[in-house]
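Okay, so here's the structure we're looking at.
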Amino acid sequence: MTAMMVSNLVSRWSGALWSGALGICAIVAVIRPAHADPRAVVELFTSQGCSSCPPADKIIGDLANDPSVIALSMPIDYWDYLGWKDTLADSRFSARQRAYSRMRGDREVYTPQVVVNGSTHVIGSDRAGIENAIGKADKGTGVMSVPVTMSLSGKQINVSVAASNEPAVSHGEVWICSIARSVPIAISRGENRGQQVTYHNVVRNLLKVGDWTGRSESWTVPIENLTRDGVDGAVVYVQDGSREKPGPMLGAAYTSLH
């Protein structure tokens, strides 16, 4: 056998192996399971006027890249009395934070504060504490157990909530948040004066979609009800209780609007 013949055989043999490897990779790519439903909703109550908040804002940015977590920034307005307004703050978020504290019975309202799955609160800059709270809340009965899906269709968002598999989980409120995934702010006053802080998954609007009764249900939401400057995503969550008495998170989903 000549050197040329050996070379041709090796080339064909190597090519066959490479094609086979590609085929195996393609099969692996096809059968790889999609990521499971998110295991946690993490809400950060933050403020541009809080010197302790930038580290917490960064942690939310990191969590926003984790597909198993839905991380939300909810800037509060109760520090505005100091003489200047937080440009992202919303009084509804302040009310939500206070409602959580009443339901827990501890009356603890501060910044930066994280609430995990509607129940446990943690200092927002405590990364290990947040991860621990996610792990504990994930084991709660019914917590994040209800599949939620969203899809875009023309000028509307279709929201679907599956039936519950747990008898104890039979009702909840369905809410949709419009979010801006990245909002850089140059802070000119207060404790963070001179800093540029990037806020992640900032909630810009919050609307009730409907009431879920434990059965499979669907709703449509006009996109025009959500859009405003900087909005590029949406989150739907199902939560036990009510706006005034929020309970555990039962399920959630995220979608990009672009």
Test of understanding: clusters of I, L, V, M, F, W, Y form through side-chain heavy atoms closer than 4.5 Å, transitively. Do V148 and Y237 belong to the same one? no
Heavy-atom nearest pair, S51 first then E191, reads N-OE1, 2.8 Å
Check: S101 side chain, V109 main-chain N or O, donor-acceptor pair, under 3.5 Å: no
Heavy-atom closest contact (A99 atom, P246 atom, distance): CB-CD, 3.6 Å
Is it true that a side-chain atom of D232 and a backbone atom of R181 form a donor plus acceptor pair closer than 3.5 Å? yes
Working to the nearest 0.5 Å, report the span between CH2 of W175 and CG of L206. 5.5 Å
Close side-chain approach of D62 and R127, heavy atoms under 4.5 Å: yes
Is the CG atom of N165 crowded by more than 12 outside heavy atoms at less than 6.0 Å? no
Main-chain N/O of Q156 paired to S153 side chain as donor or acceptor, under 3.5 Å: no
Would you say that S188 contacts W84 through its side chain, given a criterion of any heavy-atom pair below 4.5 Å between the two side chains? no
Is the backbone N or O of L72 less than 3.5 Å from a side-chain atom of E43, with the two atoms forming a donor-acceptor pair by type? no
Tell me whether V235 is reachable from V238 by hopping between hydrophobic residues (I, L, V, M, F, W, Y) whose side-chain heavy atoms are closer than 4.5 Å. no
Flag, side chain of S164 to backbone of V169, donor-acceptor distance under 3.5 Å: yes
Checking R204 side chain against R228 main chain: does a donor-acceptor pair fall under 3.5 Å? no
Determine whether M249 and I70 make a side-chain contact, defined as any pair of heavy atoms from C-beta on separated by less than 4.5 Å. no
I'd like to know if the side chain of Y78 pairs up with that of Q97 as donor and acceptor (distance under 3.5 Å, no hydrogens or angles considered). yes
Indicate the atoms forming the closest heavy-atom contact of T120 with A133, along with that distance. CG2-CB, 4.0 Å
Distance in Å, S178 OG paired with L207 CG, rounded so as to fall on 0.5 Å steps: 7.0 Å
N201 to A71 - nearest heavy-atom pair and separation: ND2-O, 2.9 Å
side-chain contact (heavy atoms from CB on, under 4.5 Å) between D86 and W79, worked out: CA-CA 8 Å; D86 184 308; W79 296 132; over 6 Å; no
Could you measure the distance from the CZ atom of F93 to the OG atom of S47? Nearest 0.5 Å is fine. 13.0 Å
OG of S125 to CD1 of I60: how many Å apart, nearest 0.5 Å? 11.0 Å
One should read off an interatomic distance between H258 NE2 and L152 CG, to the nearest 0.5 angstrom, of 10.0 Å
Honestly curious: do Y100 and V143 fall in one hydrophobic cluster under the side-chain, below-4.5 Å linking rule? yes
Residues at least two apart in sequence or cross-chain that pass side chain to side chain contact (heavy atoms under 4.5 Å, CB included) with S170, listed by chain then number, are none
What verdict does the side-chain contact (heavy atoms from CB on, under 4.5 Å) test give for H171 and L250, after you've listed the backbone C-alpha separation in whole Å, the side-chain angles of each residue and the deciding distance to 0.1 Å? CA-CA 9 Å; H171 56 81; L250 304 179; over 6 Å; no
Side chains of N158 and M150, heavy atoms from C-beta outward: is any pair under 4.5 Å? no
For E173 and K208, run salt bridge (charged side-chain N to carboxylate O under 4.0 Å, His left out): C-alpha distance rounded to whole Å, both residues' side-chain angles, the deciding distance at 0.1 Å, then the answer. CA-CA 7 Å; E173 291 189 341; K208 184 175 178 180; 3.2 Å; yes
Would you call R39 and D66 a side-chain contact if the rule is heavy atoms closer than 4.5 Å? yes
Q48: which of D80, N192, T87 passes side chain to side chain contact (heavy atoms under 4.5 Å, CB included): T87
Does V202 share a hydrophobic cluster with V114, counting links as ILVMFWY side-chain heavy atoms below 4.5 Å and allowing steps through other members? no
Would a distance-only check, ignoring hydrogens and angles, find a side-chain to backbone donor-acceptor pair under 3.5 Å from E166 to G142? yes
Is the number of heavy atoms from other residues, nucleotides or ligands within 6.0 Å of CZ (R104) greater than 12? yes
Check C53 against C50 and note the closest heavy-atom contact, atom names and distance. SG-SG, 2.6 Å
Is there a donor-acceptor pair closer than 3.5 Å between any side-chain N or O of N117 and the backbone N or O of S119? no
Is there a side-chain contact between N205 and V231 (heavy atoms, below 4.5 Å)? no
For the residue pair V115 and F45, establish whether any side-chain heavy-atom pair is separated by less than 4.5 Å. yes
Can you check whether P112's main-chain N or O pairs, donor with acceptor, with T46's side chain at less than 3.5 Å? no
Test side-chain contact (heavy atoms from CB on, under 4.5 Å) on L88 and V183; report intermediate values, then the result. CA-CA 9 Å; L88 299 173; V183 184; 4.1 Å; yes
Just by modelled atom types, is the D77 backbone N or O under 3.5 Å from a matching donor or acceptor in the S94 side chain? yes
For I123, the hydrophobic cluster (side chain heavy atoms closer than 4.5 Å, chained through members) also holds Y110
Is there a side-chain contact between R102 and R98 in this structure, where contact means two heavy atoms from C-beta onward sitting under 4.5 Å apart? yes
Please report the closest heavy-atom contact between I59 and G124, naming both atoms and the distance. CD1-O, 3.7 Å
From CD (Q113) to CD1 (I76), nearest 0.5 Å: 10.5 Å
In this structure, would Y254 and I157 fall into the same cluster of hydrophobic residues linked by side-chain contacts under 4.5 Å? no
Who else is in M103's hydrophobic cluster (ILVMFWY, side-chain heavy atoms under 4.5 Å, direct or via others)? none
